[in-house]
Number of protein chains: 2
Amino acid sequence: MSKAEILIIDDEPQIRKLLEITLESNDFKVWLAETGKEGVIMAANHPPELILLDLGLPDKSGHEILKELRTWYNKSIIILSVQNNETDIVQALDNGATDYLAKPFRNAELLARIRSAIRRNQTPNNNNVINCDDVEIDLTARTVKKNNELIKLTSTEFNLLVLLAKNEGRVLTHHFILKEIWGVGYQTETQYLRVFIGTLRKKIETNHNQPKHIVTESGVGYRFC
Amino acid sequence: MSKAEILIIDDEPQIRKLLEITLESNDFKVWLAETGKEGVIMAANHPPELILLDLGLPDKSGHEILKELRTWYNKSIIILSVQNNETDIVQALDNGATDYLAKPFRNAELLARIRSAIRRNQTPNNNNVINCDDVEIDLTARTVKKNNELIKLTSTEFNLLVLLAKNEGRVLTHHFILKEIWGVGYQTETQYLRVFIGTLRKKIETNHNQPKHIVTESGVGYRFC
DNA sequence: ATTTTTCTTTATAAAATCTTTACAAATTTT
DNA sequence: AAAATTTGTAAAGATTTTATAAAGAAAAAT
């Protein structure tokens, strides 16, 4: 599972730094923007899982930025603000903010609210899939489809296929593959690998005499796609 | 559009009255419960669009009620509490609370947070019935039907089936299932799991030698559907 | 207090997967 | 082109994993 990405839009350097440290040490990937404009551009280029938005920005009102983001961004936006008046809170929530936290906020609470907001983003099918021609590998579900039909792989076969697919186009040496799948100590058991590559090919190649997906690099290893 | 229904679970009569008046004048239909137990029953009989839950209940801790509700209720639950300490807030949010508001709260803010929470309900995946071929699982009533006939499951069997069904199509590892159903500390008791999968199959599979619903992924875990 | 139900544990059978061997086929080197 | 090396395939044996029954323990219901 890769890290969830959070975009922070705040003009105060200390707050940015504090948030950056807190969030990164809690296993999030953090992006920083100083102005609303910059934030909108960053969000558009690389939509994060969640946005932390300060209301008091120098260029535009945070409320404006929120509205602008909400025209297309539909994941969570948590407002951070020194303003703790009802008007701002109500306005922000009604403009589509997921949550509103007054500064100074408490770290653990912020983190819990972030987890909660991200949890709610999680629609059932945001699975992690690798596609390659007629082969589709779903890492979360642990399924492999060929021409949209489910294929049954054993655990080791699946792990091997994922390793190859994750390194698509790259040659992986026998040593490397054996170390990754079977562990250190098995690095010379190249025969294991041959047998498993064989069964994999039978299952995912259309014509297993002319493999298109799992290609042999004689003397070196194998390459996917 | 009919009125959205809100269930209030709070033991303080003044608060109940205050909330009732506020919410009804804002076009919500209000249900009232004085104790956690009563609240759970009312929620089950007539699932509301949102639940306002007080943490300091006389019969059980509000945290317990929250957990109990969250085993099947997946619309919004907002916590109201006189406690404003981080521990309670974090615990509640991590147990699946949608939001947490400290008493005394401001009316307009509460209303805005309620609107926000209800707005988010509209998005998918708040279905309380899972259908899969000839099997129908009703999370609210805690019943399972096969070909429209009720099937009797024990509590553990039901929980296991729900866990699998909620993750339809995805492999769940032995470890994960054991942790979720039996709790941490049971993660190596894979034999429990085998026995329970066995009885579940006998009950819901048409031909339990060729299971269609609960599929074994040897060396990894099980998959539903 | 007794019966019934559910859960835990043990034993064993069955199935699936992995490892190993043997040899054929393909590729590279000489 | 022949020899040497590497790779692919099939199949047998070994091992691991899973399924099922059934008995004892614990919990719940009567």
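In the text below, chain A, chain B and the rest are named by the order of the sequence lines, each starting its count at 1. Predicted model only: the values in this text are computed from it and were never measured. Computation of the quantities below employed the complete heavy-atom set of this structure, encompassing side-chain atoms and omitting hydrogens, waters and symmetry-equivalent molecules.
Residues meeting the side chain to side chain donor-acceptor pair (under 3.5 Å) test with A:Gln187, sequence neighbours left out: none. Scanning for side chain to side chain donor-acceptor pair (under 3.5 Å) contacts around B:Arg142 gives B:Asn159, with sequence neighbours left out. With sequence neighbours left out, A:Asp94 forms a side chain to side chain donor-acceptor pair (under 3.5 Å) with B:Arg115. Listed by chain and number, the residues in a side chain to side chain donor-acceptor pair (under 3.5 Å) with B:Arg106 are A:Asn84, B:Glu109 (sequence neighbours excluded). A:Phe196 meets the ring pair (Phe, Tyr, Trp, His ring centres under 6.0 Å) test with A:Trp182; sequence neighbours excluded.
The side-chain contact (heavy atoms from CB on, under 4.5 Å) with A:Leu52 is formed by just one residue from the set A:Asp99, A:Val30, A:Ile78; it is A:Ile78. With A:Ile204 as the partner, the side-chain contact (heavy atoms from CB on, under 4.5 Å) test is satisfied by one option alone out of A:Ile137, A:Ile214, A:Thr199: A:Ile214. Applying side-chain contact (heavy atoms from CB on, under 4.5 Å) to A:Glu136 and the options A:Ile151, A:Asn131, A:Ile130 leaves one that passes, A:Asn131.
Between A:Val220 and A:Lys202, the residue whose closest nucleotide on DNA chain D is further toward the 5' end is A:Val220.
The distance from atom CD1 of A:Ile181 to atom C1' of C:dT17 is 15 Å, rounded to the nearest whole Å. Rounded to whole Å, the distance from CZ on B:Arg194 to P on C:dA13 is 17 Å. Taking atom CD on B:Glu217 and atom C1' on C:dT17, their separation rounds to 13 Å, with Å as the unit.
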Using nucleotides 4-7 of chain C, report all nitrogen or oxygen pairs with the protein that are shorter than 3.5 Å.
residue: C:dC7; atom: OP1; partner: B:Thr156; partner atom: OG1; Å: 2.4
residue: C:dC7; atom: OP2; partner: B:Thr154; partner atom: OG1; Å: 2.8

Polar atom pairs between nucleotides 21-30 of chain C and protein, under 3.5 Å, N or O only, would you list them?
residue: C:dT21; atom: O4; partner: A:Gln191; partner atom: NE2; Å: 3.2

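Between the side chains of B:Lys146 and B:Thr206, at least one donor N or O sits under 3.5 Å from an acceptor N or O.
No contact: B:Tyr186 has no heavy atom under 4.0 Å from any strand.
Nucleotides of DNA chain D that come within less than 4.0 Å of any heavy atom of chain A span, from the 5' end to the 3' end, D:dT6 to D:dA10.
Remark: A:Lys152 NZ is packed, more than 12 non-hydrogen atoms of other residues, nucleotides or ligands lying under 6.0 Å away.
Helix-axis bend for the helix from C:dA1-D:dT30 to C:dT30-D:dA1: the local axis fitted to the five terminal pairs at one end deviates from that at the other end by 30°, rounded to 10°.
Legend: ring pair (Phe, Tyr, Trp, His ring centres under 6.0 Å) pairs involving residues 136-180 of chain A, not counting sequence neighbours, sorted by first then second residue: A:His174-A:Tyr222. Evaluation of the ring pair (Phe, Tyr, Trp, His ring centres under 6.0 Å) test over residues 7-38 of chain B, restricted to residues two or more places apart or in two chains, returns B:Trp31-B:His46. Identified under the salt bridge (Lys or Arg N to Asp or Glu O under 4.0 Å) test for residues 27-38 of chain B, with sequence neighbours left out: B:Arg16-B:Glu34.
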